[in-house]
Amino acid sequence: VQLQASGGGLVQAGGSLRLSCAASGSIFSTMSWYRQAPGNQRELVARITSGGITNYADSVKGRFTISRDNAKNTVYLQMTRLRSEDTAVYYCYVLAVRSGGYWGQGTQVTVSS
């Protein structure tokens, strides 16, 4: 299984970014985004099942949208109204049907206030 994440960067507070994570090498069920800020534990941001059911952390509800393209095995995270507290390294995490969970490399999101 290989994962390729992209889309991080520096943005001003109130701005938007879209993260992408392309997976290959298996069939994937749930796909998720986590984040980890310095000094904090890694936390779930959003997840989406293969059927499109989504869950979000309370802190991002109404601002972030997770989606996926099953034909491309790609999961997206559209982030809007970004805040300084959204600054973190964002990781995609996917569940491969027969071989378990895999982490992508992190992508840095920095929100300047």
Side-chain angles (χ1 to χ4, degrees):
V1 172
Q2 291 188 326
L3 301 173
Q4 182 64 48
S6 61
L10 173 65
V11 63
Q12 288 188 332
S16 300
L17 280 175
R18 189 173 88 148
L19 306 182
S20 300
C21 179
S24 61
S26 186
I27 298 171
F28 302 99
S29 56
T30 300
M31 305 179 89
S32 308
W33 287 97
Y34 285 73
R35 67 185 180 187
Q36 188 168 20
N40 290 357
Q41 290 188 334
R42 193 170 297 188
E43 63 175 359
L44 175 68
V45 176
R47 65 162 64 100
I48 184 168
T49 69
S50 56
I53 297 172
T54 59
N55 296 98
Y56 295 92
D58 287 343
S59 59
V60 307
K61 282 180 181 175
R63 300 187 299 121
F64 291 10
T65 302
I66 190 169
S67 62
R68 64 190 286 171
D69 183 333
N70 289 331
K72 296 180 179 180
N73 282 333
T74 300
V75 60
Y76 305 96
L77 186 68
Q78 179 67 49
M79 305 184 291
T80 64
R81 292 185 281 144
L82 283 159
R83 306 168 180 167
S84 57
E85 54 262 40
D86 295 317
T87 295
V89 178
Y90 284 70
Y91 299 89
C92 60
Y93 178 76
V94 300
L95 285 176
V97 171
R98 292 189 176 85
S99 57
Y102 296 84
W103 290 98
Q105 90 281 12
T107 184
Q108 177 71 46
V109 172
T110 302
V111 184
S112 63
S113 56

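What you see below is based on every heavy atom in this structure, not just the backbone, and it leaves out hydrogens, waters and symmetry mates. Keep in mind that this is a model prediction, so the values were computed, not measured.
Applying the side-chain contact (heavy atoms from CB on, under 4.5 Å) rule to Ser24 yields the partners Gln2; only residues at least two apart in sequence or on another chain are considered. Remark: Gln36 engages Arg42, Tyr91 in a side-chain contact (heavy atoms from CB on, under 4.5 Å) (not counting sequence neighbours). In this structure, the side-chain contact (heavy atoms from CB on, under 4.5 Å) partners of Thr30, at least two apart in sequence or on a different chain, are Ser32, Arg47, Thr49, Leu95. Arg83 meets the side-chain hydrogen bond (donor to acceptor under 3.5 Å, both in side chains) test with no other residue; sequence neighbours excluded. For Ser50, the side-chain contact (heavy atoms from CB on, under 4.5 Å) partners at least two apart in sequence or on another chain are Arg68. Among residues two or more places apart in sequence or in another chain, the side-chain hydrogen bond (donor to acceptor under 3.5 Å, both in side chains) test is passed with Asp58 by Lys61.
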Passes side-chain contact (heavy atoms from CB on, under 4.5 Å), Val109 versus Leu19? Steps please. CA-CA 9 Å; Val109 172; Leu19 306 182; 4.1 Å; yes

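In the hydrophobic cluster analysis, where Ile, Leu, Val, Met, Phe, Trp and Tyr join through side-chain heavy atoms closer than 4.5 angstrom, Val94 is grouped apart from Val89.
Here the closest non-hydrogen pair linking Phe28 and Ala96 is CD2-CA, 3.9 Å.
Counting non-hydrogen atoms of neighbouring residues, nucleotides and ligands closer than 6.0 angstrom, the CD1 atom of Ile27 reaches no more than 12 such neighbours.
For residues 99-113, every residue pair satisfying the side chain to side chain donor-acceptor pair (under 3.5 Å) rule, not counting sequence neighbours, is listed here: Ser99-Tyr102, Gln108-Thr110. Sequence neighbours left out, the pairs with a member in residues 16-37 that pass salt bridge (Lys or Arg N to Asp or Glu O under 4.0 Å) are Arg35-Glu43, Arg35-Asp86. Residue pairs meeting the disulfide (SG to SG under 2.5 Å) criterion with at least one partner in residues 27-69, sequence neighbours excluded, are absent. Pairs passing the disulfide (SG to SG under 2.5 Å) check and including a residue from residues 79-113, sequence neighbours excluded, read Cys21-Cys92.
Between Tyr93 and Tyr34, the ring planes are perpendicular. Angles over 60° get that label, and only those under 30° would be called parallel.
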Name each donor-acceptor pair under 3.5 Å that joins a side chain in residues 75-82 to protein atoms two or more places apart or in another chain, with its distance.
{"from": "Thr80", "atom 1": "OG1", "to": "Arg63", "atom 2": "O", "distance (Å)": "2.6"}
{"from": "Arg81", "atom 1": "NH2", "to": "Gly62", "atom 2": "O", "distance (Å)": "2.5"}

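Thr87 places no side-chain N or O within 3.5 Å of a backbone atom of Glu85 that could act as its donor or acceptor partner. When atom types are taken as modelled, the side chain of Tyr90 and the backbone of Ala5 share no donor-acceptor pair closer than 3.5 angstrom.
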